[in-house]
Amino acid sequence: MVFRLKTFLVSARWLRDLPVFAALFAAIGFMVVPARVDNMWYDPDFTGWVAPLARRLAEGQVFYTDGAHFPMPPLSFVLMRLLFGAHAVWLDESLVNFLLQCGMVLLGYAALSRWLPRPLPLIAALSAAGYYFALPKSIVYDALAEFIAAAAIAAASVALQDPDAKRKMPFAIWGACLPALALTKQTTFIGLAAGTVAALGFALAALPPSRRKEILLWFALGLAGGSAVFGALVTPWISWSGFINDAYLSSRELKAPGMREDVFLQYAGRYIFAVGASGLFPLACLYLATRRFSPKKQKAGFDTVAADMPDKLDWLAPIAAGAAIILCLVAPLGRIPGLLHGARTAGTWDFLDGFFIPSAFALVTLLILRALTGKRDELARFGLLCLLALAAALAHNLSQPAQLRLSYDNNTVIMLGIAALLSLFVAALQRLALSRLLPALTLCCFAVVFCGWLPMAGEMQGVRETAESWPEIAWLAGGRMKPSAGALRALTATVAKNSAPADTVLLLPEDPDLESWWNRPRPALDGAIVFTDQYWKRLVSTDLQRLEQAPPKLIVIGPRNAWPGFSALFGGGDAALVAGLRKHLLPSRYRLLKAQPITFQGKPDFMDVWIRRE
């Protein structure tokens with residue numbers, strides 16, 4: 001693997017790849033943006049939660065005050081409010097979510113293009129795009145956080161490539177991304193901030209004092225400028241004291257209320273062992289590549305592996321990548337149930353967690369080893385990018401400490417890990433397949449993209465099932481629905497039939513997306529979202545009093561079987577509110593109108609509809 005220094009300016013060769021991305025994004029977007037593969041929360045994932053709260057902002061609500069307490073930072077909601085106002089619908093959020101995923105692909109590609117020879121950045125980006133688009137969760141909240149982290153890593157790729165060069169703006173952009181991320185998702189911000197401290201500290205160690213001061217000054221200017229700009233952007237819509245308390249001081253009560261220190265240590269140890277132990281194999285491969293596959297005329301070392309690509313590979317690689325993508329999406333491969341099951345479930349994700357991403361961790365390990373010997377070469381600086389991306393990826397998922405799912409969320413470390421592994425393959429092929437190098441490299445490009453798009457093959461199965469439109473539900477205008485969600489359509493009809501447009505309707509636990517289906521106002525509660533990891537138990541007594549004083553026309557509770565167990569994993573405030581309603585309000589003021597059968601996560605379940613006695 002050889003890393004080549006390139007200018008940050010867009011070159012003609014860089015521009016040649018843009019039509020490939022444009023064609024891919026247009027084709028995939030046309031299929032997936034209007035397709036709702038999610039029925040409701042966690043079935044199979046979450047969708048459409050940001051646009052409903054953006055509409056509340058447009059209607060005058062101020063977040064983190066009485067009636068709007070919740071732990072999510074505000075930037076994604078303000079963005080949707082500015083883009084669509086009070087008219088946002090599900091399709092708008094699906095589109096913005098997809099565009100942010102596309103932006104992540106381009107940012108990762110731009111970062112890799114500074115270090116790797118063509119067409120390796122293109123192939124790594126196309127392979128990672130398959131993982132990104134396969135994520136069923138379509139919430140701008142997470143997508144924006146991942147996009148901002150990718151922007152910081154892209155800026156860092158310029159800043160770290162040659163820290164001694166007279167570059168200033170990349171450090172400022174890097175710094176500006178941190179406050180933006182702090183206003184988007186706390187855990188990702190914490191991880192990126194920790195990685196930034198480590199990366200900057202390493203990069204600055206070998207520089208003269210004057211250059212260190214200059215870099216720190218521009219980084220601080222970016223940090224201050226980003227804080228001022230993004231802070232001013234959200235200020236009209238939030239209470240700052242409430243935001244700090246809800247999002248940073250008390251959010252841990254919701255995400256991991258029972259996590260003791262020993263449990264946290266076990267959790268940290270699981271991450272370190274799983275990533276570190278599985279990273280030993282690619283680390284050994286990288287070492288062998290540098291020692292065994294280096295040209296004999298050059299000094300053996302990681303930075304001396306020949307990386308000159310045949311000219312014909314510039315157009316053969318996109319063709320091979322396109323063939324792999326088409327094969328995963330439309331060929332008979334996409335109709336084989338066994339392969340779909342393996343691709344859509346743990347098999348492919350575990351392969352990525354256990355092989356691709358640890359290759360990035362191996363580079364970080366190599367960085368540490370080189371740092372101990374005092375080396376500050378290109379490989380070490382590229383390793384800093386891996387360290388930065390890995391820190392953000394590990395922290396992004398801190399809200400679910402029971403799982404190691406680095407590859408589930410759209411983390412930039414996915415693309416860096418793929419690039420590291422791809423470069424290793426190329427280094428080996430250049431040494432072992434000199435007589436047939438071009439076919440071998442083309443096949444390698446095909447295989448890497450094919451593996452990346454296997455999960456998307458499973459996702460397309462769900463896309464193909466979205467064949468219905470429901471014109472009576474304004475929130476779903478322009479979207480295509482799955483027939484399996486028909487029970488929720490019937491539930492919406494029940495709500496519409498038994499309530500007037502001005503009547504309040506309460507859904508427990510709340511799903512802002514599903515609530516938007518029936519277009520009825522929610523009761524005035526102290527929590528913005530009465531959901532498992534969004535609602536504090538301390539709000540229950542106040543909200544029970546509010547519901548006693550102004551009982552809603554309908555109360556919908558469910559899924560009856562699946563929800564209680566899910567709620568118990570987190571804060572459980574929603575369960576406490578439901579328990580209070582079942583004990584006092586429901587027996588005295590309501591009667592069960594209907595138990596609507598539904599299918600939730602492939603199992604039969606029910607949504608109970610209670611109507612107020614007049």
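All values derive from a computational prediction rather than experimental measurement. Note that these values count all heavy atoms, side chains included, but never hydrogens, waters or copies made by symmetry. Start at 1 with the first residue, then count along the sequence.
No side-chain heavy atom of Leu57 sits under 4.5 Å from any side-chain heavy atom of Val62. You'll find the side chain of Val37 reaches within 4.5 Å of the side chain of Glu459, heavy atoms only. Within the 4.5 Å cutoff, the side chain of Phe189 has no heavy atoms near those of the Leu183 side chain. Side-chain contact between Asn39 and Phe600 is absent, with no heavy-atom pair separated by less than 4.5 Å. Contact check for Tyr590 versus Arg613: no side-chain heavy atoms found under the 4.5 Å cut-off. Side chains of Ile215 and Leu204 form a contact here, defined as non-hydrogen atoms less than 4.5 Å apart. Counting heavy atoms from C-beta outward, Trp41 and Pro559 have side chains that approach closer than 4.5 Å. A heavy-atom distance below 4.5 Å is not found between the side chains of Asp511 and Phe46.
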Stepwise side chain to side chain contact (heavy atoms under 4.5 Å, CB included) test for Tyr535 and Phe570: CA-CA 10 Å; Tyr535 184 73; Phe570 296 94; over 6 Å; no

Check against salt bridge (charged side-chain N to carboxylate O under 4.0 Å, His left out), Arg589 and Glu548: CA-CA 9 Å; Arg589 302 289 299 275; Glu548 288 277 0; 5.1 Å; no

Stepwise side chain to side chain donor-acceptor pair (under 3.5 Å) test for Ser499 and Arg520: CA-CA 8 Å; Ser499 63; Arg520 297 291 190 271; 3.0 Å; yes

Test log, rule side chain to side chain contact (heavy atoms under 4.5 Å, CB included), inputs Glu510 and Arg522: CA-CA 10 Å; Glu510 280 193 284; Arg522 67 190 291 270; 2.7 Å; yes

Audit row: Arg612, Glu614, salt bridge (charged side-chain N to carboxylate O under 4.0 Å, His left out) steps and yes/no: CA-CA 6 Å; Arg612 187 181 65 218; Glu614 301 298 343; 3.3 Å; yes

Criterion side chain to side chain contact (heavy atoms under 4.5 Å, CB included) on Asp66 and His69, from CA distance to verdict: CA-CA 7 Å; Asp66 290 343; His69 288 292; 3.6 Å; yes

Residue pair Asp513, Thr47: steps toward the side chain to side chain donor-acceptor pair (under 3.5 Å) verdict: CA-CA 7 Å; Asp513 171 78; Thr47 187; 5.4 Å; no

Ring pair (Phe, Tyr, Trp, His ring centres under 6.0 Å) evaluation trace for Phe566 with Tyr42: CA-CA 10 Å; Phe566 186 83; Tyr42 216 56; 5.0 Å; yes

Residues Met40, Leu488; criterion side chain to side chain contact (heavy atoms under 4.5 Å, CB included); working and verdict: CA-CA 9 Å; Met40 59 183 297; Leu488 297 179; 4.2 Å; yes

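No donor-acceptor pair closer than 3.5 Å links the side chain of Ser94 to the backbone N or O of Pro34. Between the Gln186 side chain and the Pro71 main chain, a donor and an acceptor come within less than 3.5 Å of each other. Remark: the backbone N or O of Ala154 is paired with a side-chain donor or acceptor of Ser157 at under 3.5 angstrom. Put simply, the side chain of Asp142 never gets that close to the backbone of Ile139: no donor and acceptor are under 3.5 Å apart. A donor-acceptor pair is defined here as one N or O able to donate and one able to accept, closer than 3.5 Å; such a pair exists between the side chain of Ser588 and the backbone of His584. A donor-acceptor contact shorter than 3.5 Å links the side chain of Asp92 to the backbone of Val89.
Within 6.0 Å of NZ on Lys537 lie no more than 12 heavy atoms contributed by other residues, nucleotides or ligands. No more than 12 heavy atoms of other residues, nucleotides or ligands shown are found within 6.0 angstrom of CG on Asn519.
Tyr64 has its ring centre less than 6.0 Å from the ring centre of Phe70. Taking the six-membered ring for Trp and the full ring otherwise, the centers of Trp49 and Phe531 sit less than 6.0 Å from each other.
Note that CG of Leu514 is 6.5 Å distant from CG of Leu491, once rounded to the nearest 0.5 Å. Remark: Ile598 CD1 to Asp43 CG distance equals 7.5 Å, nearest 0.5 Å. If you take CG on Leu416 and CD1 on Ile153, they are separated by 6.5 Å, rounding to the nearest 0.5 Å. Gln601 CD to Asp45 CG: the interatomic distance, rounded to the nearest 0.5 Å, is 9.5 Å. Atom CG of residue Asn410 and atom CD of residue Glu146 lie 5.0 Å apart, to the nearest 0.5 angstrom. Note that CG of Asp38 is 5.0 Å distant from OG of Ser138, once rounded to the nearest 0.5 Å.
The nearest pair of heavy atoms linking Ile555 to Ile557 is CG2-CG1, 3.9 Å. Contact detail for Val50 and Val140: the closest heavy-atom pair is CG2-N, 3.9 Å. Shown here for Arg582 and Asp608, the closest heavy-atom pair between the two residues is NH2-OD2, 4.4 Å. Taking every heavy atom of both residues into account, Asp526 and Arg546 meet most closely at N-NH1, 3.7 Å. Heavy atoms only, all atoms of each residue included: Val540 and Gly573 are closest at CG2-O, 3.6 Å. Scanning all heavy atoms of the two residues, the minimum distance from Pro52 to Pro512 falls at CG-O, 3.5 Å.
Using a 4.0 Å cut-off between a side-chain N of Lys or Arg and a carboxylate O of Asp or Glu, Glu253 and Arg538 qualify as a salt bridge.
Aromatic ring orientation, Phe25 versus Phe133: perpendicular (interplanar angle above 60°, classes split at 30° and 60°).
For the residue pair Trp90/Ser516, the side-chain donor-acceptor check at 3.5 Å is not satisfied. A side-chain donor-acceptor contact under 3.5 Å links Trp563 and Asp574.
For the pair Arg591 and Trp610, the cation-pi criterion (under 6.0 Å, within 45° of the ring axis) is not fulfilled.
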Listed pairs under 3.5 Å, donor-acceptor, residues 98-108 side chains, sequence neighbours left out:
| unit_1 | atom_1 | unit_2 | atom_2 | d |
| --- | --- | --- | --- | --- |
| Gln101 | NE2 | Tyr132 | O | 3.1 |

Check residues 73-85 and write down every donor-acceptor pair under 3.5 Å in which the side-chain atom is one partner and the other belongs to a residue at least two apart or another chain.
none

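Considering only residues two or more places apart in sequence or on other chains, Trp470 meets the ring-ring contact (aromatic ring centres under 6.0 Å, His included) condition with Trp517.
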